[in-house]
Trainee: 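My questions all concern the structure below.
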Amino acid sequence: MPELPEVETTRIGIAPYVLGETVKDVVIRDGRLRWPVPKHIRKKLTGTSVCKLSRRGKYLLFHMKTGCMILHLGMSGSLRILAGEIPPEKHDHVDFIFASGTCMRFRDPRRFGCILWTETDPLEHDLLTGLGPEPLSDELDGEYLFQKSRKRTQAIKTFIMNSHTVVGVGNIYANEALFAAGIHPQRKAGKITRERYRKLAINIKNVLKKALAKGGTTLRDFVNGTGEPGYFSINLQVYNRAGKPCCKCKTQIKVKRIGQRSAFFCPACQT
Ligand SMILES: [Zn+2]
């Protein structure tokens, strides 16, 4: 699943090809995504140009002169830049064709992605309002997590994966950040000290930064005819390592379901 680092890498990768470009046409082959692609989006986009491409959580925001297109990659979506006319494949649902001849193609086999249009402040859109801070912003720090977690009885892992707490901490990153901070994933969020939250905030940023750094090396993959944009993984210390020795103390890594998701942890290093 594309996580925040993949979405940010997508943004950086496609920006040079779409910024300032005028939309010549939008081809919706199949608009049945998580929500139907609004039919009027073709009319709204055609003839206007992309002023800014930003990201909020895992939503890409294409700021046009007349409004904003909100795009989410869902579970399996990708955006690619095609230099010329390349026949669409089965899951290539939407093409955005620019006056320059460049095509931005949205592929989404599982159709959990979305493409929406708004003419009001996109940050006030139902999907975006109420989202927690960006993980790499100064707003996310130990003090914020400490204050936000008071009286919360849910597991810390569930707490940091909630987009109302902080956006973009997917399952892999939550597992890795908790291991690096030495915090047991099942510990109650409201019982964790300020000092431990300070360490956790630093480690959330670190794992995401590492993934982003990896993403930088895959940028060229966004511009080609056939390949998929590569998703990238950091060197994982606990995720998917159940039964294997902890890299710090050699204790076997355990796996447990917490809040419907797999938690991988070292029972000795994480308390
Ligand atoms: Zn250990």
Side-chain angles (χ1 to χ4, degrees), residues 1-21 23 33-38 41 44-45 48-81 94 96 104 106 108 111-141 144-145 148 158-174 177 201 204-213 215-216 219 222 229 231-232:
M1 172 170 7
E3 294 288 353
L4 187 138
E6 283 86 5
V7 178
E8 178 64 6
T9 301
T10 298
R11 187 185 73 79
I12 294 167
I14 63 176
Y17 301 92
V18 305
L19 280 181
E21 294 295 330
V23 178
L33 301 179
R34 183 167 181 188
W35 298 286
V37 178
I41 204 164
K44 293 288 184 183
L45 287 172
T48 185
S49 58
V50 186
C51 312
K52 194 173 113 183
L53 176 55
S54 65
R55 179 188 55 75
R56 178 74 177 100
K58 297 206 297 186
Y59 293 93
L60 287 169
L61 306 177
F62 292 79
H63 303 265
M64 318 295 291
K65 288 206 171 96
T66 48
C68 183
M69 178 170 78
I70 302 173
L71 189 149
H72 195 285
L73 299 174
M75 309 278 285
S76 60
S78 63
L79 283 174
R80 281 176 306 152
I81 299 293
V94 185
F96 301 89
M104 181 176 80
F106 179 74
D108 188 3
R111 300 173 182 278
F112 280 104
C114 74
I115 296 173
L116 299 169
W117 177 256
T118 180
E119 288 176 9
T120 56
D121 182 357
L123 298 179
E124 298 295 321
H125 192 278
D126 286 350
L127 292 170
L128 278 76
T129 186
L131 289 179
E134 289 289 326
L136 294 175
S137 71
D138 291 341
E139 230 187 301
L140 180 82
D141 61 11
Y144 166 80
L145 289 175
K148 185 95 179 162
T158 310
F159 175 70
I160 57 170
M161 287 182 68
N162 183 335
S163 62
H164 296 285
T165 304
V166 50
V167 297
V169 184
N171 200 31
I172 296 174
Y173 304 113
I204 288 173
K205 289 173 198 278
N206 280 346
V207 290
L208 289 168
K209 279 183 196 159
K210 275 183 200 160
L212 275 169
L219 276 185
F222 285 93
Y231 294 130
F232 29 89

Trainee: Which heavy atom of Cys114 sits nearest a heavy atom of Leu33, and at what distance?
Mentor: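 That would be CA-CD1, 4.2 Å.
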
Trainee: Please report the C-alpha distance between Arg55 and Thr10 in whole Å, then the side-chain angles of each, then the deciding distance to 0.1 Å, and finally whether the side-chain contact (heavy atoms from CB on, under 4.5 Å) criterion is met.
Mentor: CA-CA 10 Å; Arg55 179 188 55 75; Thr10 298; over 6 Å; no

Trainee: Is the backbone N or O of Pro122 less than 3.5 Å from a side-chain atom of Arg56, with the two atoms forming a donor-acceptor pair by type?
Mentor: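 Flag not set: sc Arg56 to bb Pro122 has no pair under 3.5 Å.
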
Trainee: When you measure from the side chain of Glu134 to the backbone of Gly57, do you find a donor-acceptor pair of N or O atoms at a distance under 3.5 Å?
Mentor: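 A pair under 3.5 Å: yes.
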
Trainee: Testing the basics here: between Pro5 and Tyr173, what is the closest heavy-atom pair and its distance to 0.1 Å?
Mentor: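 Scanning both residues, the minimum pair turns out to be CG-OH, 3.5 Å.
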
Trainee: List the steps, then state whether side-chain contact (heavy atoms from CB on, under 4.5 Å) holds for Glu8 with Leu136.
Mentor: CA-CA 12 Å; Glu8 178 64 6; Leu136 294 175; over 6 Å; no

Trainee: When rounded to the nearest 0.5 angstrom, what distance separates CG in Leu19 from CD1 in Ile14?
Mentor: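 Going from the CG atom of Leu19 to the CD1 atom of Ile14 covers 9.0 Å.
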
Trainee: Could you grab the distance from atom CG of Leu4 to atom OG of Ser163, nearest 0.5 Å is fine?
Mentor: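 That separation rounds to 11.5 Å.
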
Trainee: Determine, step by step, whether Trp35 and Leu127 satisfy the side-chain contact (heavy atoms from CB on, under 4.5 Å) criterion, reporting the C-alpha distance in whole Å, the side-chain angles of both residues, the deciding distance to 0.1 Å, and the verdict.
Mentor: CA-CA 12 Å; Trp35 298 286; Leu127 292 170; 3.5 Å; yes

Trainee: So, the side chain of Arg11 versus the backbone of Leu60: is there a donor-acceptor pair under 3.5 Å, distance only?
Mentor: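 Absent.
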
Trainee: Looking only at non-hydrogen atoms, find the nearest pair between Tyr144 and Thr165 and report the distance.
Mentor: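 So the two residues come closest at OH-O, 2.6 Å.
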
Trainee: Would you compute the distance between atom CG of Leu116 and atom CZ of Arg34 and round it to the nearest 0.5 angstrom?
Mentor: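 Between Leu116 CG and Arg34 CZ, I get 10.0 Å after rounding to 0.5 Å.
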
Trainee: Tell me if a side-chain donor or acceptor on Lys44 pairs with a main-chain N or O of Met69 at a distance below 3.5 Å.
Mentor: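 Not at all, since once roles are kept as given, no pair shorter than 3.5 Å links the two residues.
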
Trainee: Out of curiosity, His125 NE2 to Thr118 OG1, how far, rounded to the nearest 0.5 Å?
Mentor: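 Between His125 NE2 and Thr118 OG1, I get 5.5 Å after rounding to 0.5 Å.
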
Trainee: Report the residue from Val23, Leu71, Ile115 that forms a side-chain contact (heavy atoms from CB on, under 4.5 Å) with Phe62.
Mentor: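 That would be Leu71; it is the only one of Val23, Leu71, Ile115 passing the side-chain contact (heavy atoms from CB on, under 4.5 Å) with Phe62.
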
Trainee: More than 12 heavy atoms of other residues, nucleotides or ligands under 6.0 Å from NZ of Lys205: yes or no?
Mentor: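 Above 12, so yes.
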
Trainee: Under the side chain to side chain donor-acceptor pair (under 3.5 Å) test, which residues partner His63, sequence neighbours left out?
Mentor: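 Listed in chain order: Ser54.
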
Trainee: Mind checking whether Leu73 and Asp108 have side chains closer than 4.5 Å, heavy atoms only?
Mentor: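 Not touching, per the 4.5 Å side-chain cut-off.
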
Trainee: Tell me if the CG atom of Asp121 is crowded by more than 12 foreign heavy atoms within 6.0 Å.
Mentor: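 For Asp121, atom CG is crowded (more than 12 foreign heavy atoms under 6.0 Å).
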
Trainee: Identify the heavy atoms of Val167 and Pro135 that sit nearest to each other, and give their distance.
Mentor: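 Scanning both residues completely, I find the closest heavy atoms to be O-CD, 3.1 Å.
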
Trainee: Closest approach of Leu79 and Met104, non-hydrogen atoms and distance?
Mentor: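 That closest heavy-atom pairing would be CD2-CG, 4.0 Å.
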
Trainee: To the nearest 0.5 angstrom, please state how far the CD1 atom of Ile41 sits from the CE atom of Met64.
Mentor: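 Here the rounded value is 9.0 Å.
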
Trainee: Under the side-chain contact (heavy atoms from CB on, under 4.5 Å) rule, what do Leu123 and Thr129 come out as? Steps first, then yes or no, please.
Mentor: CA-CA 6 Å; Leu123 298 179; Thr129 186; over 6 Å; no

Trainee: Hey, could you give me the SG/NZ distance between Cys51 and Lys65, rounded to the nearest 0.5 Å?
Mentor: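 If I round to the nearest 0.5 Å, the distance is 5.5 Å.
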
Trainee: Keeping Lys58 on the side-chain end and Pro2 on the backbone end, is there a donor-acceptor pair under 3.5 Å?
Mentor: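 Such a contact is found between Lys58 side chain and Pro2 backbone.
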
Trainee: Going by the angle between their ring planes, with limits at 30° and 60°, are His72 and Tyr59 parallel, tilted or perpendicular?
Mentor: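 Geometry flag for Tyr59 against His72: perpendicular rings.
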
Trainee: What's the shortest heavy-atom distance between Ala201 and Leu145, and which atoms?
Mentor: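 That would be CB-CD1, 4.2 Å.
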
Trainee: Could you tell me whether the side chain of Glu6 and the main chain of Glu3 form a donor-acceptor pair under 3.5 Å?
Mentor: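 Judged by distance alone, yes, a pair lies under 3.5 Å.
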
